[in-house]
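Below: one structure, written as structure tokens.
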Number of protein chains: 2
Amino acid sequence: MITPSRGARPVSRQVLADHVYEEILESLMDGRLEPGSPVSIDGTARDLDVSPTPVREALARLEHTGLVVRVALKGYRVAPVFSRDDFANLMDARLVIEPVTTQLACRRMSPEVLSGLRQAIADLKEAPRGPSFAEFRDYLDADERFHRLIAENSGNPFMLAAYEALGGQVQRFRLFGGVGITDADHAIAEHQAVFRAIELGDPEAAAAAMTEHVGKVRQRAMQDAPQA
Amino acid sequence: MITPSRGARPVSRQVLADHVYEEILESLMDGRLEPGSPVSIDGTARDLDVSPTPVREALARLEHTGLVVRVALKGYRVAPVFSRDDFANLMDARLVIEPVTTQLACRRMSPEVLSGLRQAIADLKEAPRGPSFAEFRDYLDADERFHRLIAENSGNPFMLAAYEALGGQVQRFRLFGGVGITDADHAIAEHQAVFRAIELGDPEAAAAAMTEHVGKVRQRAMQDAPQA
DNA sequence: CCCCCGCAAATCCTATAGGATTTAAAAATG
DNA sequence: CATTTTTAAATCCTATAGGATTTGCGGGGG
């Protein structure tokens, strides 16, 4: 069930399909849609009180994020849950990509981006860390913002595309991993280490700090996550 | 103008949108559609003798390949030409990802995959290399198959996702507009070097060979590419 | 009790219609 | 002839209708 968000403002001219896209994306990230469950086109259209056409277009665009999977003539389903091994693989992939985006971004850093990163870390600190999604959603948002800001400023759109291919999955795993946020203090310190290296304009150190961070995240998750 | 392809066989149950997707993709790669020109939904529907609905869905899926760009309420246009810098960025990204997929795949190589790689190289050798897309499409297909086979057998689905996010081979034609494949002999030799290292089960050597290959492709393209 | 069949609802998919807006052409005016 | 205005066509977007198929369910037969 996808419920329309409250604060839907009637903007002048907007493409309904874009709105539907955001709505479904939010439902996926909120965990309102469980992994493996079907996402019916007609049903979603009824839920959001629109016609199936924009829903169809929104889902077509969502497919490439990997959050939903499509089977021809069968429809869409929420992507299946992650196993422990999947998470390890995801982190291994991030270990390949993110140090590079960090290094590249460090070389072309601007004051605006720097303050954006500083803000993201500040938001991380003050974000609540409760067990329910409503509570740690701000934390995940800030975390994602930090990493994305770096990827966006790598100056290489293809590295950004590679990052985006993984980005959405990171939050999802945390959401359904059931572990909540248990390592916030460590993670914040590691983010600050990355930030300091970037601030000093040392690309190698920044890349190393990012490697350290992602590696530690992987390690901690492997300890905390339920076995099997 | 997107003309329907000749050998359209009436398969039992097929999703029309999938067929439309392939049709538009082919038109894009053939150069029948020039960069920057609009791709009208209604117009394409008329050309292909279908309704706008499947065309809309196909274009939504095509957008993430970067071959077409969408502006809300304005429609789709063929993506602008690939600049030298764009190509350099693409190769830089591949230099990050592909050595890793190669190394991983080497560790878990199977006879089936090995023979698939051998076949891909064989196809590369006998593929024509003319200047029009219709001629060198087989070459690009074989090239793509080689690299994809490696990524698929890395054992890490997220590395595969990152590789796919680059859309490497699909993008290449955008640079070779009217030039064709000029470095086939070199490229084939480099592929063979990668293959031999994999065959010998030496992951580091395989990764190094892949780095060498992609780096050389980048270098040659920078020399051959038209204009500055 | 279990299995199978038939009907109804749901679903995917495509076509069509029409509203809102932009674009292009044609007509009218200076 | 140049410029502006008006009109027609094209385009994007959404809604609706209906065909083909699948899925769920309840009743009847073994």
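Each chain gets a letter, A, B and so on, in the order its sequence line appears, and its residues count up from 1. All values derive from a computational prediction rather than experimental measurement. Below, each value reflects all heavy atoms present in this structure, side chains not excepted, and no hydrogens, waters or symmetry copies.
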Main-chain N/O of A/Thr65 paired to A/Gln169 side chain as donor or acceptor, under 3.5 Å: yes

Length of the CZ-P vector between A/Arg70 and C/dT11, whole Å: 18 Å

Euclidean distance, atom NE2 of residue B/His19 to atom C1' of C/dT14 [Å, nearest integer]: 15 Å

Presence of salt bridge, B/Arg137 and B/Glu26, under 4.0 angstrom: yes

Separation of B/Leu104 CG from B/Ile150 CD1 (nearest 0.5 Å): 11.0 Å

Contact nearer the 5' end of DNA chain D, comparing B/Arg46 with A/Lys74: B/Arg46

Length of the line joining A/Ile41:CD1 and C/dC13:C1', which is rounded to integer Å: 8 Å

Sorted by number, the residues of residues 53-62 of chain B with heavy-atom contact under 4.0 Å to DNA chain C: B/Thr53, B/Pro54

d(CG, A/Asp49; P, D/dA15) in whole Å: 8 Å

Touch class at under 4.0 angstrom, heavy-atom based, for B/Pro38 against every strand present: nothing

Interatomic distance, A/Leu16 CG vs D/dC13 P [rounded to whole Å]: 11 Å

Length of the CZ-P vector between B/Arg77 and D/dC12, whole Å: 10 Å

Atom pair distance, as rounded to whole Å: CG in B/Leu73 and P in C/dG19: 18 Å

Option among A/Arg145, A/Gln171, A/Arg172 that satisfies the side chain to side chain contact (heavy atoms under 4.5 Å, CB included) test with A/Leu140: A/Gln171

SB check B/Arg61 B/Asp18 (cutoff 4.0 Å): yes

Between D/dT14 (P) and A/Asp42 (CG): distance, integer Å: 16 Å

Atom pair CE/CE of B/Met91 and B/Met222 - distance to nearest 0.5 Å: 8.0 Å

